[in-house]
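Let me begin by presenting the structure, written as structure tokens, before commenting on it.
Every chain is numbered from 1, with letters handed out A, B, ... down the list of sequences. As a basis for the values below, the full set of heavy atoms in this structure was taken, side chains included, without hydrogen atoms, waters or symmetry mates.
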Number of protein chains: 4
Amino acid sequence: MADSGAETGGIAADHLKSFIERIERLEEEKAAIANDVKEVYAEAKGTGFDVKIMRQIIRLRKMEPNDRAEQEELLDIYMRAVGMVA
Amino acid sequence: MADSGAETGGIAADHLKSFIERIERLEEEKAAIANDVKEVYAEAKGTGFDVKIMRQIIRLRKMEPNDRAEQEELLDIYMRAVGMVA
Amino acid sequence: MADSGAETGGIAADHLKSFIERIERLEEEKAAIANDVKEVYAEAKGTGFDVKIMRQIIRLRKMEPNDRAEQEELLDIYMRAVGMVA
Amino acid sequence: MADSGAETGGIAADHLKSFIERIERLEEEKAAIANDVKEVYAEAKGTGFDVKIMRQIIRLRKMEPNDRAEQEELLDIYMRAVGMVA
DNA sequence: CTGCCATTTTACCGGC
DNA sequence: GCCGGTAAAATGGCAG
């Protein structure tokens with residue numbers, strides 16, 4: 001076998017396995033953090049905050065102020081166009 | 001003001017801010033790890049591996065641990081009932 | 001065998017099959033309509049409209065005006081709390 | 001006013017409104033069908049069938065038609081490489 | 001740059 | 001009636 005590319009016999013198999021395991025480790029870490037996030041939301045909710053609004057806040061803070069303003073303006077225009085007061 | 005629940009004047013505002021910032025920090029960490037994952041995939045791809053299949057592998061390996069055998073029996077019965085071979 | 005409940009031998013199997021097929025037909029119809037929706041969005045986009053904003057409009061129109069006002073107010077409060085101007 | 005693109009004064013507003021209303025009508029139809037689906041599940045449940053398993057069946061039947069056999073071969077190779085039995 | 005795929009978010013449904 | 005998980009929608013990212 002010429003072993004062009006990545007046939008998975010021999011060392012290629014080991015290589016693949018290594019990649020997979022590295023990714024799985026990272027995914028585990030990521031999942032752990034995602035879980036932490038969930039817990040913070042849960043705690044906030046328990047304190048009386050509205051989770052959905054909190055998500056909106058976080059989304060808005062992530063946006064460039066300019067983009068945000070533009071979107072709001074456009075939304076406003078569309079709303080008038082379809083007859084929603086403001 | 002009775003401050004029942006989570007009105008966001010005074011300390012409640014601080015509390016909310018604190019929650020938001022905790023989440024944002026965690027999301028940053030998560031994004032960093034997600035980026036690492038992406039890089040590993042890119043490296044694997046450069047080595048000649050098929051990223052899409054790799055994702056499948058990882059998905060499958062994550063599913064395996066579940067002892068879903070319990071439900072599979074009933075599923076099997078239903079499958080026979082509707083004419084799916086097995 | 002007493003055939004109480006829904007063991008899937010005999011007529012029960014036929015019954016199950018019938019339910020499944022009815023659902024599958026309905027799901028097909030639903031998918032077709034979902035596709036139509038997609039096409040309308042595509043056409044609107046081709047005319048120069050912003051699809052994302054359109055989705056927002058539709059979401060807002062689906063909400064009770066009261067609820068919408070409440071959410072906006074709450075969002076506003078939260079924004080001030082975390083120091084976003086308005 | 002040059003009316004390049006889709007400013008929403010005049011006819012553009014009408015156009016937008018028309019798109020929105022078409023989508024809303026389609027979404028209504030879709031919701032009606034979704035409701036029918038729900039009713040069939042309810043009826044099946046009343047007959048003694050397990051709704052969750054039924055959903056699984058339908059999911060599986062939707063997947064089958066795909067001739068995924070092509071990719072399965074490569075998947076198989078990769079699975080062996082990382083030590084998954086088959 | 002368009003369409004596709006993956007992730008994320010929202011809504012729904014069944015269980016307790 | 002709420003909570004948790006499960007499926008649908010939607011947004012964002014990537015390849016072609």
Side-chain angles (χ1 to χ4, degrees), chain A residues 23 26-27 30-31 33-35 37-39 41-43 45-46 50-60 62-64 67-68 71, chain B residues 23-24 26-27 30-31 33-35 37-42 44-46 49-59 62-63 66 68 71, chain C residues 23 26-27 30-31 33-46 48 50-60 62-63 67 71, chain D residues 23-24 26-27 30-46 49-60 62-63 66 68 71:
Chain A
I23 291 167
L26 289 167
E27 291 289 1
K30 190 149 72 79
I33 294 174
N35 201 53
V37 170
K38 216 178 67 177
E39 282 173 16
Y41 274 121
E43 191 190 340
K45 183 181 179 174
D50 184 316
V51 171
K52 194 175 168 186
I53 305 287
M54 285 178 70
R55 284 187 192 278
Q56 264 186 274
I57 293 285
I58 286 168
R59 224 180 304 130
L60 290 173
K62 201 158 47 182
M63 288 175 71
E64 288 291 320
D67 297 349
R68 181 153 72 85
Q71 285 218 355
Chain B
I23 292 168
E24 283 176 338
L26 289 167
E27 291 290 0
K30 190 149 72 77
I33 294 175
N35 200 53
V37 170
K38 213 178 69 178
E39 282 172 17
V40 177
Y41 274 121
K45 183 179 180 176
F49 293 108
D50 183 315
V51 171
K52 193 174 169 186
I53 305 289
M54 285 179 69
R55 285 187 193 276
Q56 265 186 274
I57 292 285
I58 285 167
R59 222 180 307 131
K62 197 160 48 183
M63 288 164 67
N66 295 342
R68 56 186 179 186
Q71 289 204 344
Chain C
I23 291 168
L26 289 168
E27 291 289 0
K30 190 150 70 79
I33 294 175
N35 201 52
D36 291 349
V37 170
K38 215 178 67 177
E39 283 173 16
V40 177
Y41 275 120
E43 190 190 341
K45 183 179 179 175
D50 184 314
V51 170
K52 193 175 168 184
I53 305 288
M54 285 178 68
R55 285 186 193 278
Q56 264 186 276
I57 293 286
I58 286 168
R59 226 179 303 129
L60 290 173
K62 200 158 46 182
M63 289 175 71
D67 298 351
Q71 284 217 357
Chain D
I23 291 167
E24 283 175 338
L26 289 166
E27 292 289 1
K30 190 150 69 80
I33 295 175
N35 201 53
D36 291 348
V37 170
K38 212 178 71 177
E39 282 173 16
V40 177
Y41 275 120
E43 191 190 340
K45 183 179 180 176
F49 292 109
D50 184 316
V51 170
K52 193 173 169 185
I53 305 288
M54 285 179 69
R55 286 186 192 277
Q56 265 186 274
I57 292 285
I58 285 168
R59 220 181 309 131
L60 289 173
K62 197 160 49 184
M63 289 164 67
N66 296 342
R68 58 184 179 184
Q71 288 204 343

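Taking Glu27(B) as the reference, Lys30(B) meet the salt bridge (Lys or Arg N to Asp or Glu O under 4.0 Å) condition, with sequence neighbours excluded. Here Glu43(A) pairs with Arg22(B) under the salt bridge (Lys or Arg N to Asp or Glu O under 4.0 Å) rule; sequence neighbours left out.
Atom CD1 of Ile23(D) and atom C1' of dA9(F) are 14 Å apart (whole Å). With rounding to whole Å, Met54(C) atom CE is found 12 Å from dT11(F) atom P. Computed from coordinates, the Ile53(D) CD1 to dA7(F) P distance equals 11 Å when rounded to whole Å. The interatomic distance linking Asn35(D) (CG) with dA8(F) (P) rounds to 15 Å, in whole Å. Atoms CG (Leu60(D)) and P (dA7(F)) sit 11 Å apart, rounded to a whole Å. Atom CD of Gln71(C) is separated from atom P of dA11(E) by 9 Å (rounded to the nearest Å). One interatomic measurement links the two molecules: CG of Asp67(A) to P of dG12(F), which rounds to 11 Å at whole-angstrom precision. For the pair Met63(A) CE and dT11(F) C1', the computed distance is 12 Å after rounding to whole Å.
For the atom pair OH (Tyr41(D)) and CD1 (Ile58(D)), the distance works out to 3.5 Å, reported to the nearest 0.5 Å. Taken from CD in Glu39(A) to CG in Asn35(A), the straight-line distance is 5.0 Å, to the nearest 0.5 Å. Note that the CZ atom of Arg55(D) and the CD1 atom of Ile53(D) stand 12.0 Å from one another [nearest 0.5 Å].
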With the criterion being N/O to N/O and under 3.5 Å, what pairs connect the protein with nucleotides 2-7 of chain E, and how long is each?
from, atom 1, to, atom 2, distance (Å)
dT7(E), OP1, Arg55(B), NH1, 3.2

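Heavy-atom minimum distance, Leu26(A) versus Val40(B): CD1-CG2, 3.9 Å.
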